[in-house]
Amino acid sequence: MDIRKVGVLWNSTKRAGLETARELIELMHAHGIEVRAQRGLMEALGISGEGASEFSDCQLIFALGGDGTLLSALDFAMPADIPLLGINLGRMGFLAEIEPSYLKQDVEALLAGAYRVESRMTMRAEGLDEERFFALNEIVISRSNTSVRMISVEIEADGALIDRISGDGVIVASATGSTAYSLSAGGPIVSPGLECFVLTPICPHTMNARPVVLKSDARVTVRLLGEGEAGQAVFDGKRALNLYPGKSGITIVKSQRQARFVRLHERNYFSLLRGKLSEWTH
């Protein structure tokens, strides 16, 4: 990868990350690499010039924040098939690669070519705009308001009924998302190299409802049952699609587009998992 221009995205709620952003930009400039940064970041750093709103001509995008920041950065990266490199300013940082204290040495390794690019499966809603309605972690079908009433759903795979459940909804996760909301709801941990769907009921009103893992070429359809309230499908916590009882529901399939992440370190996934989950205490 010939890196001539990079994008820099920053989570503005992580004010402590400003000095990391400044150091990153200075490192890029020291190597003759052009930087495109958001207007908010440039203003926060006191840098003059027009901020970037798109990054399609970049070879790499840095995302400074937590996993949520990297999920948001996919909106910029995936349409142009640009790899992401996460700098962890959050608590968990499953998707991030660089810790701020190692920024200089990791950037030097990157520019020396000591990296690989890892691809992860993403999901999409069939029949909808793929640049908006896609997810790397999960698509959550739940109530669309603050009511405490249960929601009833019917779940099919390739036209075959899997289950009908009542509760708070259902999570359709990827292997990447198996350690996110799905894990909190009692779903299994799945190695991120696998391509599959993980169906995890959310607080089901029955002891029989259990998580189900399906192959990635399945077509997963979720419908609302009854005549009650509307529901919604939420894509990686970013975008919501309204759903209504009696309609065709939503069909989720594997996307042909993949999320790509730059990796600088050889990591044992389960060692990383144990370390991250031991921090997940509050």
Side-chain angles (χ1 to χ4, degrees), residues 1-11 14-38 41-42 44-45 47 52 55-78 80-122 136-137 175-176 179 191-193 257-279:
M1 181 167 55
D2 181 17
I3 302 175
R4 303 178 306 279
K5 183 183 298 185
V6 300
V8 179
L9 299 172
W10 166 64
N11 183 341
K14 310 288 186 182
R15 303 297 296 186
L18 274 176
E19 287 310 307
T20 301
R22 187 188 302 278
E23 182 183 357
L24 172 64
I25 292 171
E26 289 175 352
L27 283 169
M28 292 295 103
H29 287 162
H31 286 85
I33 296 171
E34 184 179 343
V35 176
R36 294 180 61 82
Q38 299 157 293
L41 176 56
M42 294 177 65
L45 292 175
I47 300 173
F55 302 85
S56 60
D57 57 346
C58 295
Q59 289 76 52
L60 175 67
I61 295 176
F62 288 93
L64 289 81
D67 283 347
T69 305
L70 270 89
L71 292 176
S72 295
L74 290 173
D75 289 344
F76 298 95
M78 284 184 56
D81 195 30
I82 302 170
L84 283 173
L85 180 50
I87 300 175
N88 185 30
L89 304 178
R91 278 196 306 146
M92 298 304 291
F94 275 109
L95 297 173
E97 186 69 10
I98 296 176
E99 295 296 329
S101 57
Y102 294 97
L103 179 64
K104 186 176 189 301
Q105 68 186 63
D106 281 349
V107 166
E108 295 291 347
L110 167 73
L111 298 179
Y115 67 87
R116 61 186 176 87
V117 178
E118 177 185 75
S119 297
R120 297 282 185 95
M121 168 187 151
T122 65
L136 171 66
N137 270 359
T176 300
T179 53
S191 175
R257 303 192 307 170
Q258 294 184 315
R260 299 203 298 149
F261 298 95
V262 171
R263 298 303 183 201
L264 301 168
H265 311 288
E266 290 299 328
R267 301 183 295 178
N268 180 300
Y269 172 71
F270 293 101
S271 175
L272 172 69
L273 185 66
R274 288 194 303 273
K276 293 294 185 182
L277 294 184
S278 69
E279 300 170 10

Which value, rounded to the nearest 0.5 Å, describes the distance between Glu19 atom CD and Leu24 atom CG? 12.5 Å
Inter-residue atom distance Arg116.CZ - Leu264.CG, 0.5 Å rounding: 9.5 Å
Side chain to side chain contact (heavy atoms under 4.5 Å, CB included) between Phe261 and Leu136, worked out: CA-CA 12 Å; Phe261 298 95; Leu136 171 66; 3.7 Å; yes
How far apart are the C-alpha atoms of Glu34 and Arg36, what are their side-chain angles, what is the distance that settles it, and do they pass the salt bridge (Lys or Arg N to Asp or Glu O under 4.0 Å) test? CA-CA 7 Å; Glu34 184 179 343; Arg36 294 180 61 82; 5.1 Å; no
How close do Gly65 and Thr69 get, counting heavy atoms only, and between which atoms? CA-OG1, 3.5 Å
For the atom pair CG (Leu95) and CG (Asn88), what is the distance rounded to the nearest 0.5 Å? 10.0 Å
Interatomic spacing from CH2 in Trp10 to OG1 in Thr20 - rounded to 0.5 Å: 11.0 Å
Taking side-chain contact (heavy atoms from CB on, under 4.5 Å) as the test, write out the residues that go with Asp81, two or more places apart. Arg260
Distance-minimising heavy-atom pair for Val6 and Cys58: C-SG, 3.6 Å
Indicate yes or no: at least one non-hydrogen side-chain atom of Leu110 is less than 4.5 angstrom from one of Phe62. yes
Is there side-chain contact between Met28 and Val8, with at least one heavy-atom pair below 4.5 Å? no
Are Glu97 and Asp106 side-chain neighbours, meaning at least one heavy-atom pair lies under 4.5 Å? no
Here the pair of heavy atoms bringing Ala44 nearest to Leu18 is CB-CD2, 3.6 Å
Of all the heavy-atom pairs spanning Ala259 and Thr122, show the shortest one and how long it is. N-CG2, 3.8 Å
Of the non-hydrogen atoms in Ala175 and Pro192, which two are nearest, and what is the gap between them? CB-CA, 4.1 Å
Are any of the side-chain heavy atoms of Gln59 and Asp2 separated by less than 4.5 Å? no
What distance do Leu60 atom CG and Ile82 atom CD1 have between them, rounded to the nearest 0.5 Å? 8.5 Å
For Lys104, does the NZ atom have more than 12 heavy-atom neighbours from other residues, nucleotides or ligands under 6.0 Å away? no
Minimum heavy-atom distance between Leu64 and Gly17, given as atom pair plus value: CD2-O, 4.1 Å
Approximate separation, where rounding is to 0.5 Å, of Leu89 CG and Arg15 CZ: 12.5 Å
